Amino acid sequence: MTGRRLDGRGDWLDRSRPITFTFDGRSMQGFTGDTVASALLASGEVGGFVSPMAGRPRGVYAASVEEPNAFVEIAEPWFESIRPATMVNLVDGLVARSRAGVGVLPRTAAARSARHTHRHVETLVIGAGRSGRAAATIAEGRVLLVDEQAVVVDPPPNAITLTSTTATGIYDDGYVLCYQRDGAVDVFHHVRAARVILATGAHERPIAFVGNDRPGVMLASAARAYVERYGVLVGDRIVVFSADHAGHEAAEALAGAGAHIVVVDPAVRPGPATERLRAAGIEVRMNARVVATDGDPALTGVAVSAADGQLTTLPADALAVSGGWNPAIQLARGLGIGLRYDEDKTCFVHDGSGPDWLTVVGRAAGHVPSSFPIWVVDDGDDREKYVELQRDQTVADVADAVAGGLSNAEHVKRATYIGTTIDQGRTSGVLTAEVVNRLLGWAPGAQGPTNARPPYTPVPFSALAGPDSGPVLLDPIRVTPIHAWHDAHGAVYENVGQWKRPRYFPRGDEDMDAAVARECRAVRASAGVLDASTLGKIDVRGPDAGVFLDRMYTNRMSNLAVDSIRYGLMLGLDGMVFDDGVAMRIADGHYVVTTTTGGAAGVMDRFEEWLQTEWTDLRVYCTSVTEQWSVVAVGGPRAREVVAAAGTDADLTNDAFPFMTFRGASVAGVPARICRISFTGDLSYELHVSPWHAQHVWDAVMAAGEPVGITPYGTEAMHVLRAEKGFVIVGQETDGTQTPDDLGMSWIVNTGKGDFVGKRSLVRSDTLRDDRKQLVGVMTDDPSTVLVEGTQLIGDATIPEPPAHMLGWVTSSYRSEALGRSIALAVVEAGRRHIGDEIHAVIGRETVPCRVADPVFYDPEGTRRDG
Amino acid sequence: MVEIRSPLAHRAAALATIDAVEVPFLTQIDVRCGEADAARLGFPLQPNTGTGDMTRGTLWLGPDEWLVVAAPGDPGVVVDGLEALLMDAHHAVVDVSANRAVIELHGPNRLALLASACALDLDPAAGWFPGVCAQTLFARAQVIIQELPDATRVFVRPSFADYVVDRLLASA
Amino acid sequence: MLLIRCPWCGQRDEVEFTYGGQAHLAYPEDPAALSDAEWAEFLFMRDNPKGEWAERWMHAAGCRRWFNAIRDTATYRMIATYRMSEEPPG
């Protein structure tokens with residue numbers, strides 16, 4: 001047994017609240033304020049851990065996030081797969097298990113719950129050590145002080161102090177993510193600070209020598225911290241191997257706590273710190289090095305070599321090592337700050353570059369003790385000198401990488417995995433870079449540690465996600481006002497962007513094919529009703545509204561008669577179809593245009609872009625009214641009867657109310673705009689009503705249609721019905737590479753009017769190629785074969801050796817009830833010239849024979865349109 | 001008998017648990033016009049401010065766009081009134097009463113609750129007090145937030161309203 | 001997460017905005033008069049400097065105005081924002 005608890009020491013402990021916890025199945029004691037590491041050390045545990053790669057016995061090495069050996073999984077009172085034991089504070093009921101560097105994801109345990117919040121401050125201070133507290137005290141405005149440790153002594157009165165809070169990353173313009181652990185709850189603070197002060201201190205650096213990974217070897221500052229914070233003395237006979245002043249202070253502190261101390265100092269001549277130690281009766285050996293350790297496996301002795309080579313073995317149960325200090329500026333490195341090597345401190349410090357809202361203070365700014373330059377003790381086998389404890393990598397492993405031709409520390413990192421660790425190279429990075437420098441004959445500081453990126457310490461994904469995960473909150477689920485009815489009637493939904501649209505309404509034990517077949521038959525034979533509320537709608541007003549729409553669409557809208565509707569295509573500047581919809585002329589300078597569901601925001605954005613950035617002289621205003629209107633679409637040969645039965649003051653006769661016109665009227669007692677538009681080719685009325693009345697109108701239509709067996713139908717049946725008519729769906733038949741002519745729609749391009757968006761691109765040489773892919777129908781020879789959408793089409797029955805030439809692909813494919821067979825739409829090279837020709841669909845390693853057809857399969861004369 | 005339904009009628013109980021209510025069927029009119037006409041109509045010219053109170057007011061949405069909010073009733077009357085005032089100017093007056101649902105939050109913790117998903121500086125010391133409004137994001141939903149005496153209103157598209165309620169509940 | 005100053009709404013988080021690419025590219029007066037190469041130059045070719053350049057942003061979640069910005073593409077530092085109607089500063 002070595003470590004023990006001291007009476008009357010331990011600033012962070014609350015001895016009035018003892019805690020019992022379980023470690024590796026054993027019941028253990030500690031106090032509130034203890035970490036698992038400090039409690040283990042207090043109980044005399046020296047080892048208790050193993051290294052992940054070589055399974056070597058290891059013990060607690062550090063006192064904070066730089067711990068490379070002692071990792072635990074927490075099983076109770078919450079689950080965490082792996083954390084450094086130095087950062088796990090004891091709580092009642094804690095059950096911890098040692099883990100060798102790698103955690104296991106839980107199968108059944110719930111993730112820690114996580115909240116997110118936003119904070120705005122004038123000053124954010126990261127690190128509540130002396131410098132941080134001092135900076136916070138004099139800071140102006142709202143001040144936030146965060147520290148990764150659970151205890152902050154003497155918090156500044158003018159600041160909000162958050163403990164157990166790690167700044168995980170500093171991003172542009174003072175945006176800092178702070179991860180707070182509050183018992184079982186994680187809180188992610190999104191902090192926007194006008195000024196950020198980095199007071200994150202420094203991490204002590206080890207020295208590489210034979211046997212430097214033995215349990216009982218630790219950082220000197222850690223040994224000191226255990227005394228001062230937790231009242232734990234890690235050994236009774238402690239050798240302190242220190243190249244710097246802080247190590248000497250640690251020796252003093254340990255001696256003061258009652259340990260027998262021998263200081264091994266590699267410096268040639270004693271300095272003031274040495275004199276003070278000797279004056280206190282502490283033995284100091286100058287110009288000496290630790291060359292090996294003994295133990296079984298825990299430390300029992302330290303071999304020291306004097307300058308003349310004379311070897312002594314000192315009995316010891318702890319070896320406290322300090323090779324110097326590395327300012328902890330990882331958080332700032334992500335902002336592109338530069339480093340410079342400080343010879344006196346033998347470390348890399350911030351060179352002063354970086355954004356002006358960031359200040360580095362204290363030890364993080366390089367105010368660390370001067371250090372004698374020693375990184376590796378030459379004596380002994382390099383294969384036993386560890387530089388990266390968590391990857392079991394030694395000086396010899398680094399030498400192998402360099403011998404293999406690597407000279408850049410970044411490459412050595414990837415070859416050896418040094419630094420790819422939970423502690424992110426805090427104890428290995430600078431040391432490794434110096435080993436590489438030395439092997440190459442470069443000066444100390446020639447290259448520094450590998451780059452640092454957020455997060456500063458590991459963060460659970462559950463914390464990052466916060467509440468924005470799971471089926472409800474991962475992304476907004478958008479529904480129409482009629483959604484509750486769809487739910488109540490068994491709708492199966494399709495995701496259209498963020499919207500849930502009913503895809504089909506199965507009855508009984510129907511599968512999708514059966515339900516869709518029934519819905520299609522019902523619409524063609526009688527009447528169906530579809531919730532089309534998700535379509536985008538934009539109100540366009542002003543004296544130049546017509547001129548504006550003429551420039552946005554391929555066809556002319558300015559000559560559209562009042563109360564009339566016109567279908568239009570919108571292209572990108574590259575001439576490719578971007579969206580489609582209809583324009584309705586409400587009055588002289590007033591239109592309402594529709595867009596696809598997924599295109600609504602994009603079309604609105606581009607309207608505004610052209611008006612604000614290019615055509616500022618046009619007097620037009622656009623207003624989004626997508627959710628100002630709900631749309632109940634009634635279609636089928638009996639649609640007229642249904643709308644009449646629902647109650648309307650509109651004259652629905654064909655002559656009074658022709659196709660592609662609309663009427664302002666009442667339906668079922670509420671105001672409506674009734675539009676004769678059809679996406680199925682059948683007689684169809686779209687009832688545009690207030691969303692506040694949408695359910696009422698839907699109910700009225702369902703009741704009115706009952707005598708004719710009105711059938712609610714979903715997007716799948718809608719897709720089949722429009723495909724039978726050869727109507728394209730933007731985003732299905734198009735992928736941004738189709739022109740109107742490719743789709744067989746050159747009739748919709750009015751080249752006689754002035755310039756419109758995309759016009760010039762329609763006469764680019766590439767756009768005029770005669771082998772462009774064109775919209776056609778594809779009929780499988782076997783009428784029961786339904787091709788998969790995306791299926792590739794080739795000319796030969798046998799698949800040629802690669803590269804095989806693809807003629808095109810299937811864009812839509814269904815079974816058609818109206819035709820009693822399968823149909824498909826496709827884009828095929830020079831397709832229109834090949835109507836009637838054979839073509840082959842590739843399915844796995846086989847092909848299926850098909851024929852190119854006209855894309856309008858059903859009612860090509862449009863006789864069903866007027867009912 | 002016409003049944004009229006507001007977008008968050010089914011979430012009344014849930015909203016009550018976070019000291020919030022839906023304010024249904026408000027008249028909302030989107031007005032676009034030039035600054036001179038807006039000044040003439042008494043619209044707020046300073047960005048992200050609102051005039052008026054709980055029952056009637058006008059919110060600045062953009063340099064040429066305002067939202068007139070009034071008590072439930074006949075939006076057509078308000079539209080006609082605004083049309084009359086703007087008839088000689090280049091303008092647009094559009095009824096958007098159903099285009100946004102309105103959630104009203106009460107209680108001393110309402111801004112902290114909003115801060116769970118809103119990146120605005122909602123500190124009164126930083127300028128967030130009654131008379132201020134902003135268009136911004138609440139998690140993944142675009143919203144208008146308006147600060148009133150002892151209440152905060154959140155205007156959101158009805159299709160995003162359930163999501164906003166769920167997100168508020170998850171952070172409460 | 002850049003902080004971008006909308007000329008109307010003030011400082012807002014980057015996610016409230018939509019990016020609009022290179023600024024000050026006027027739509028050609030007479031596209032029909034351009035050769036395919038000239039039209040392709042306007043349509044597809046954009047500058048890509050390391051350092052300060054002028055670009056467009058739109059405050060999509062806010063006032064929905066388009067505006068211009070000068071930003072350093074190497075450091076991401078936002079140097080200035082100005083309205084569509086204004087001259088670039090400096």
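Just so you know, these numbers come straight off a predicted model, no measurement behind them.
For the ring-ring contact (aromatic ring centres under 6.0 Å, His included) criterion with C:F67, the lone passing option out of C:Y19, C:W57, C:Y82, C:F17 is C:F17.
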Let me see the working for B:E83 and B:H91 under side-chain hydrogen bond (donor to acceptor under 3.5 Å, both in side chains), right down to the final yes or no. CA-CA 9 Å; B:E83 281 283 0; B:H91 70 281; 2.8 Å; yes
Kindly determine whether B:E22 and B:S6 satisfy side-chain hydrogen bond (donor to acceptor under 3.5 Å, both in side chains), including the steps that lead there. CA-CA 9 Å; B:E22 179 192 16; B:S6 70; 2.7 Å; yes
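Using a 4.5 Å cut-off between heavy atoms, B:Q135 contacts chain C through both its backbone and its side chain. Looking at B:D64, the atoms closer than 4.5 Å to chain C (heavy atoms on both sides) all sit in the side chain, from C-beta outward. If you measure heavy-atom distances from B:I144 to chain C, you find no contacts under 4.5 Å at all. Residue B:L137 touches chain C through both its backbone and its side chain, counting heavy-atom pairs closer than 4.5 Å. Interface remark: C:R64 contributes no atoms to any contact with chain B (heavy atom separation under 4.5 Å).
Highest contact tally toward chain C, considering only B:A134, B:P63, B:A119, is held by B:P63 [criterion: heavy-atom pairs under 4.5 Å].
In this structure, B:N109 contributes its side chain and B:A112 its backbone to no donor-acceptor pair below 3.5 Å.
Contact check for B:P24 versus B:L8: no side-chain heavy atoms found under the 4.5 Å cut-off.
Contacts with chain B (heavy atom to heavy atom, under 4.5 Å) involve no residue of residues 21-49 of chain C.
For the pair C:R56 and C:W66, the cation sits on the ring face: its NZ or CZ lies under 6.0 Å from the ring centre, inside 45° of the axis.
Counting only residues at least two apart or on different chains, the salt bridge (charged side-chain N to carboxylate O under 4.0 Å, His left out) pairs with a member in residues 96-105 of chain B are B:E104-B:R153.
Judged by distance alone, the side chains of B:D162 and B:H10 do bring a donor and an acceptor atom under 3.5 Å apart. Using modelled atom types and a 3.5 Å distance limit, the side chains of B:S97 and B:Q28 yield no donor-acceptor pair.
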